A.B. asks: 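What follows is a structure written as structure tokens; I'll ask about it next.
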Amino acid sequence: MPAAARKKDTAPRAWQRMISGRRLDLLDPSPFDVEIEDIAHGLARVARWNGQTRGDHAFSVAEHSVVVLDILEELYAALAPKWRLAALLHDASEYVIGDMISPFKAALGVNYREFEDRLERAIHLRFGLPPKMPQDVKRKIKRADVICAYFEATQIAGFSHAESVKFFGRPPAGLEVTIDPKPVKQAQIHFLERFETVLREVEGR
């Protein structure tokens with residue numbers, strides 16, 4: 001057997017079999033192997049804050065994504081539907097790589113960020129979004145994301161109000177958000193329902 005063939009046979013597996021049956025190449029993800037059902041299934045089973053939250057259920061990334069969309073719609077009601085879809089999918093790559101806390105991401109460095117970016121590009125292309133979002137839209141989504149983190153931190157993650165303000169800033173005056181961790185299946189269904197609603201608006205249906 002040629003050396004090249006032997007090397008290929010012994011190379012470590014770099015793909016993951018998804019619940020849909022798709023085989024996603026983790027090093028070179030294709031939009032054709034991205035399915036929203038896999039994303040919803042995975043995100044509903046990934047816990048925010050490494051699971052260190054109060055309550056009978058973890059607060060999933062699927063729920064977090066829906067709350068971020070709610071906040072974005074509250075703050076920027078005129079934002080185009082495609083950017084609202086981008087907000088719902090802002091953490092979609094975590095259906096593959098999990099939700100690493102920010103300090104750990106910083107410790108891992110740029111290689112992790114590049115891996116995350118490749119997966120995000122594939123997800124965006126799959127659902128008709130540009131590979132890279134305009135900076136203005138990205139800032140709006142990030143703002144909603146950080147506001148959501150403030151409410152998560154104070155309501156379920158054990159942060160004091162002062163700590164939350166220090167790390168995430170004060171939320172806009174008058175904005176009230178309730179963080180209510182749900183069972184996995186309920187979180188998964190809710191995420192898919194919001195996805196279908198926003199996608200219909202994107203497609204003008």
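Values reported hereafter were calculated over all heavy atoms of this structure, with side chains retained and with hydrogens, waters and symmetry mates removed. Predicted model only: the values in this text are computed from it and were never measured.
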A.B. asks: Considering all heavy atoms of both residues, which atom of Ala86 and which atom of Met133 are nearest to each other, and what is their separation?
C.D. replies: CB-SD, 3.5 Å
A.B. asks: Which heavy-atom pair separates Leu119 from Ser93 by the least distance, and what is that distance?
C.D. replies: CD2-O, 3.4 Å
A.B. asks: Contact between Tyr95 and Met18 at the side-chain level, heavy atoms closer than 4.5 Å - yes or no?
C.D. replies: yes
A.B. asks: I'd like to know whether the aromatic ring centres of Phe127 and Phe195 sit less than 6.0 Å apart in this structure.
C.D. replies: yes
A.B. asks: Taking the side chain as every heavy atom from C-beta outward, state whether Pro131 and Leu125 have any pair of such atoms under 4.5 Å apart.
C.D. replies: yes
A.B. asks: Hey, does the side chain of Arg84 reach the backbone of Ala80 with a donor-acceptor pair shorter than 3.5 angstrom?
C.D. replies: no
A.B. asks: Are any of the side-chain heavy atoms of Glu37 and Ile19 separated by less than 4.5 Å?
C.D. replies: no
A.B. asks: Test Arg126 against Glu35 for salt bridge (Lys or Arg N to Asp or Glu O under 4.0 Å), laying out the working first.
C.D. replies: CA-CA 8 Å; Arg126 171 65 177 84; Glu35 298 292 348; 3.5 Å; yes
A.B. asks: Taking the side chain as everything from C-beta on, heavy atoms only, tell me whether Ile156 gets closer than 4.5 Å to Arg48.
C.D. replies: no
A.B. asks: Any sub-3.5 Å donor-acceptor pair from Asp25's side-chain atoms to Leu27's backbone N or O?
C.D. replies: yes
A.B. asks: When you check the gap from the basic side-chain N to the acidic O, do Lys140 and Asp136 get nearer than 4.0 Å?
C.D. replies: yes
A.B. asks: Are Ile141 and Val177 joined in one hydrophobic group, where the rule is that I, L, V, M, F, W and Y side chains link up if heavy atoms are under 4.5 Å apart?
C.D. replies: yes
A.B. asks: Quick one: does Glu196's side chain have a donor or acceptor within less than 3.5 Å of a partner on Glu193's backbone?
C.D. replies: no
A.B. asks: Consider only side-chain heavy atoms of I, L, V, M, F, W and Y, link residues closer than 4.5 Å, and tell whether Ile189 and Val184 are in one cluster.
C.D. replies: no
A.B. asks: Indicate yes or no: does Arg194 engage Asp70 in a salt bridge with an N to O separation below 4.0 Å.
C.D. replies: yes
A.B. asks: Do you know the tightest heavy-atom contact between Ala187 and Ser60?
C.D. replies: CB-OG, 3.7 Å
A.B. asks: Just so I know, are the side chains of Leu24 and Phe32 near enough to count as touching, which here means a heavy-atom distance under 4.5 Å?
C.D. replies: no
A.B. asks: Just checking, is any N or O donor in the side chain of Ser65 or Asp91 under 3.5 Å from an acceptor N or O on the other one?
C.D. replies: no
A.B. asks: Salt-bridged, Lys82 to Glu201, with N to O below 4.0 Å?
C.D. replies: no
A.B. asks: What are the two closest heavy atoms between Lys182 and Gln186, and how far apart are they?
C.D. replies: CD-NE2, 3.7 Å
A.B. asks: Mark yes when over 12 heavy atoms from residues, nucleotides or ligands other than Gln16 sit less than 6.0 Å from its CD; otherwise mark no.
C.D. replies: yes
A.B. asks: Supply the atom-to-atom distance Trp83 CH2 to Leu79 CG, rounded to the nearest 0.5 angstrom.
C.D. replies: 8.5 Å
A.B. asks: Report, as yes or no, whether the 6.0 Å neighbourhood of atom CG on Leu75 holds more than 12 heavy atoms from other residues, nucleotides or ligands.
C.D. replies: yes
A.B. asks: How many angstroms lie between NZ in Lys138 and NZ in Lys132, if you round to the nearest 0.5 Å?
C.D. replies: 5.0 Å
A.B. asks: Do Asp38 side-chain atoms and Ser20 backbone N/O form a donor-acceptor pair below 3.5 Å?
C.D. replies: yes
A.B. asks: Taking Gln188 for the side chain and Gly42 for the main chain, is one N or O donor matched with an acceptor at less than 3.5 Å?
C.D. replies: no
A.B. asks: Taking it one step at a time, do Leu72 and Leu88 satisfy side chain to side chain contact (heavy atoms under 4.5 Å, CB included)?
C.D. replies: CA-CA 10 Å; Leu72 187 84; Leu88 185 65; over 6 Å; no
A.B. asks: Of all the heavy-atom pairs spanning Val66 and His190, show the shortest one and how long it is.
C.D. replies: CG1-CE1, 3.7 Å
A.B. asks: Might you work through the side chain to side chain contact (heavy atoms under 4.5 Å, CB included) test for Phe168 and Asp145, ending with a clear yes or no?
C.D. replies: CA-CA 10 Å; Phe168 309 110; Asp145 187 31; over 6 Å; no
A.B. asks: Would Arg23 and Asp33 satisfy side chain to side chain contact (heavy atoms under 4.5 Å, CB included), going step by step from the backbone distance to the final call?
C.D. replies: CA-CA 7 Å; Arg23 194 168 82 169; Asp33 292 323; 5.9 Å; no
A.B. asks: Is there a side-chain contact between Leu69 and Leu85, using heavy atoms and a 4.5 Å cut-off?
C.D. replies: no
A.B. asks: Strictly distance-based, threshold 3.5 Å: is any side-chain N or O of His124 a donor or acceptor partner for the main-chain N or O of Arg121?
C.D. replies: no
A.B. asks: Taking the side chain as C-beta and beyond, is there a heavy-atom pair between Arg139 and Gln135 under 4.5 Å?
C.D. replies: yes
A.B. asks: Are Phe191 and Val68 linked, directly or through other ILVMFWY residues, by side chains that come within less than 4.5 angstrom of each other?
C.D. replies: no
A.B. asks: Using 0.5 Å steps for rounding, measure from the OH atom of Tyr150 to the CD atom of Gln155.
C.D. replies: 8.5 Å
A.B. asks: Indicate the atoms forming the closest heavy-atom contact of Glu63 with Ala58, along with that distance.
C.D. replies: OE2-O, 3.6 Å
A.B. asks: Does the plane of the ring in Phe167 sit parallel, tilted or perpendicular to the ring in Phe159? Use 30° and 60° as the thresholds.
C.D. replies: perpendicular
A.B. asks: Indicate yes or no: at least one non-hydrogen side-chain atom of Phe151 is less than 4.5 angstrom from one of Thr178.
C.D. replies: no
A.B. asks: How many angstroms lie between CD1 in Ile147 and NZ in Lys142, if you round to the nearest 0.5 Å?
C.D. replies: 11.5 Å
A.B. asks: Between His64 and Glu152, do the side chains contain a donor N or O and an acceptor N or O under 3.5 Å apart?
C.D. replies: yes
A.B. asks: Are Trp15 and Ile123 linked, directly or through intermediate hydrophobic residues, by side-chain heavy-atom contacts shorter than 4.5 Å (ILVMFWY only)?
C.D. replies: no
